[in-house]
Every structure is written in structure tokens, then in C-alpha cells.
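Just so we're clear, the structure is a prediction, and the values are computed from it rather than from any experiment.
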Amino acid sequence: MDDKKIISGIKKKKEPYLNEFINKYGGILKASIVKTIGKRDELVIEILNDTLLAIWDNIDSFDENRSSFKNWCAGVAKYKAIDAIRKENRHKSIQLSQVENNVCIEEDFSIDESQEILKLLSDEDREIFKKLFVEGYSYDDLAKITEIPKDRLYNKVSRSKKKLRLQLGGKYD
């Protein structure tokens, strides 16, 4: 069955077309999710279900002039995976913030070590890291505060992480 029939069937909310879609694109969706979060089977299944629901509910937002159907679906899967990671990280940060003033939190490295690691970054990048990963700011909030566009913040953080990995010899991958 071709994409136009599948899209039309999903728009009409007919389940056989959803089954055909899953058979045709399920592997692509799963690969996109695994590429984003790694092999975490329970989470992959949850994200896959969220992705299928998002595609089912938002099929009208697909624009064939902007992207192929396959790429659009893979993009939906990728962003659902990113959202799941953000949700998981937000949950973890809430738990850590509820811990009373413990000096020694069992992590891969101590607070002193993390400060030494951050010294490898420029002052601007260090502040961005602290606000994002210590103080818990979102990229949106940080973009407003620093007046740096959100996409540029993502790039700066990505490059900084890569720089740290290279300088630390992959110790904290």
C-alpha cells in the first residue's frame, strides 16, 4: 500500500490503515527511537506507543511539501524520544533536589571533580552548563535569559560535551 492511501486512511481514523502503517514504518520508528535513547526496551516501547498515538492524532500536520512521510514519522519518533528523556531527567532532578544537604552524593565523580571538569570550558559555556544541568533551567528559559537563540544553545552544549569527552579521554561517556 502506498503512503497516500495510508495517510488518507489514518486521516479517516480507520484502524486497518494504522496496522498497515505499523507494518511498513514500525522498524523505522523504532530505529529512530533507539538511535536517540539507546537500547532501553521498556522505554522504547512506551515511546513507540506515544509516537503512534501522536501520528494518529496529528496526521493533519504532515505536509508533503516539507518532508517525505517516512522522514516526518521518524522526526515525530525522535522528538517523542527526546521528550521522554527530558521528562526522565526532570524527574531525576526533582528527586536530587529533595535530598537534604548531603555533601557526598554517590555519582561517578565528586563535586570538586565536576568543578574541575567545568573549568575546561569557557566562562560562557560553563555558565550555560551550570544553569542547564545544575540549576535546572530549560533551554527556553535560558534562551530568554542569555538572549542566545535556543538552536544556538543546543549547538553550544553539544560542542561543549564533545570537547569535554575528547579532553577527558572518554572517561565519562
Side-chain angles (χ1 to χ4, degrees), residues 1-95 121-122 124-125 127-166 173:
M1 188 177 298
D2 71 346
D3 288 349
K4 289 186 188 256
K5 285 184 182 178
I6 291 173
I7 294 167
S8 175
I10 292 174
K11 283 183 178 182
K12 293 175 185 172
K13 304 297 184 202
K14 295 188 176 183
E15 283 189 40
Y17 290 94
L18 180 63
N19 290 333
E20 186 66 33
F21 167 76
I22 292 169
N23 290 335
K24 187 171 183 180
Y25 290 109
I28 292 168
L29 298 177
K30 187 174 180 182
S32 181
I33 294 166
V34 169
K35 182 178 179 187
T36 305
I37 68 163
K39 283 195 148 230
R40 298 166 56 190
D41 291 334
E42 281 185 29
L43 191 56
V44 169
I45 291 169
E46 182 180 328
I47 296 168
L48 186 57
N49 288 333
D50 289 346
T51 301
L52 292 172
L53 182 61
I55 291 169
W56 179 261
D57 289 340
N58 299 300
I59 191 72
D60 291 326
S61 65
F62 167 67
D63 181 2
E64 66 184 27
N65 296 322
R66 293 182 64 200
S67 175
S68 70
F69 185 58
K70 178 175 94 171
N71 289 344
W72 180 78
C73 293
V76 171
K78 178 181 179 179
Y79 287 110
K80 283 294 178 184
I82 290 169
D83 287 345
I85 291 170
R86 286 184 183 145
K87 182 179 176 183
E88 191 174 75
N89 287 341
R90 199 174 14 239
H91 180 70
K92 286 179 183 176
S93 68
I94 289 170
Q95 289 178 343
L121 300 175
S122 69
E124 181 185 33
D125 291 345
E127 283 306 309
I128 290 171
F129 261 66
K130 284 181 182 177
K131 290 198 180 309
L132 281 172
F133 302 114
V134 176
E135 297 172 22
Y137 283 84
S138 69
Y139 279 93
D140 290 324
D141 293 339
L142 193 56
K144 290 175 188 170
I145 293 169
T146 61
E147 298 179 356
I148 298 173
K150 190 164 87 169
D151 59 335
R152 202 164 138 231
L153 280 174
Y154 280 117
N155 287 338
K156 287 178 80 53
V157 169
S158 177
R159 287 186 189 115
S160 295
K161 285 180 179 179
K162 188 174 183 177
K163 178 181 178 181
L164 289 174
R165 271 190 224 106
L166 288 171
D173 277 344

Between the CD1 atom in Ile82 and the CD1 atom in Ile37, the distance rounded to the nearest 0.5 Å is 11.0 Å
Check your understanding: Should we say atom NZ of Lys35 is surrounded by more than 12 heavy atoms from elsewhere, each under 6.0 Å from it?
Key -> no
So CG of Leu43 and CD1 of Ile85: to nearest 0.5 Å the spacing works out to 7.5 Å
Here the side chain to side chain donor-acceptor pair (under 3.5 Å) pairs for residues 10-24, sequence neighbours left out, are Asp3-Lys24
Between the CG atom in Leu52 and the CD1 atom in Ile22, the distance rounded to the nearest 0.5 Å is 5.0 Å
Ser138 meets the side-chain hydrogen bond (donor to acceptor under 3.5 Å, both in side chains) criterion, sequence neighbours left out, with Asp141
Applied to residues 44-58, the side chain to side chain donor-acceptor pair (under 3.5 Å) test, sequence neighbours excluded, yields none
Residues at least two apart in sequence or cross-chain that pass ring-ring contact (aromatic ring centres under 6.0 Å, His included) with Tyr137, listed by chain then number, are none
Here the gap from Lys163 atom NZ to Leu121 atom CG, rounded to the nearest 0.5 Å, amounts to 6.0 Å
Shortest non-hydrogen pair, Gly38 vs Val44, comes out as O-CG2, 3.9 Å
The ring-ring contact (aromatic ring centres under 6.0 Å, His included) partners of Tyr79 (sequence neighbours excluded) come to none
Intermediate values then yes/no, side chain to side chain contact (heavy atoms under 4.5 Å, CB included), Leu132 and Leu153:
CA-CA 10 Å; Leu132 281 172; Leu153 280 174; 5.9 Å; no
Just by modelled atom types, is the Ser32 backbone N or O under 3.5 Å from a matching donor or acceptor in the Thr36 side chain?
yes
Residues 152-161 vs side chain to side chain donor-acceptor pair (under 3.5 Å), sequence neighbours excluded, gives Arg86-Tyr154, Glu124-Lys156, Asp125-Lys156, Asp125-Ser160
Report task. Apply side chain to side chain contact (heavy atoms under 4.5 Å, CB included) to the pair Tyr25 and Ile55, showing each step before the final yes or no. Result -> CA-CA 12 Å; Tyr25 290 109; Ile55 291 169; over 6 Å; no
To the nearest 0.5 Å, atom CG of Asn71 lies from atom CZ of Phe62 at 9.0 Å
Closest non-hydrogen contact found for Ile47 with Ala77 is CG2-O, 4.2 Å
Side chain to side chain contact (heavy atoms under 4.5 Å, CB included) between Phe21 and Leu29, intermediate numbers included: CA-CA 11 Å; Phe21 167 76; Leu29 298 177; 4.0 Å; yes
One should read off an interatomic distance between Lys150 NZ and Lys144 NZ, to the nearest 0.5 angstrom, of 9.5 Å
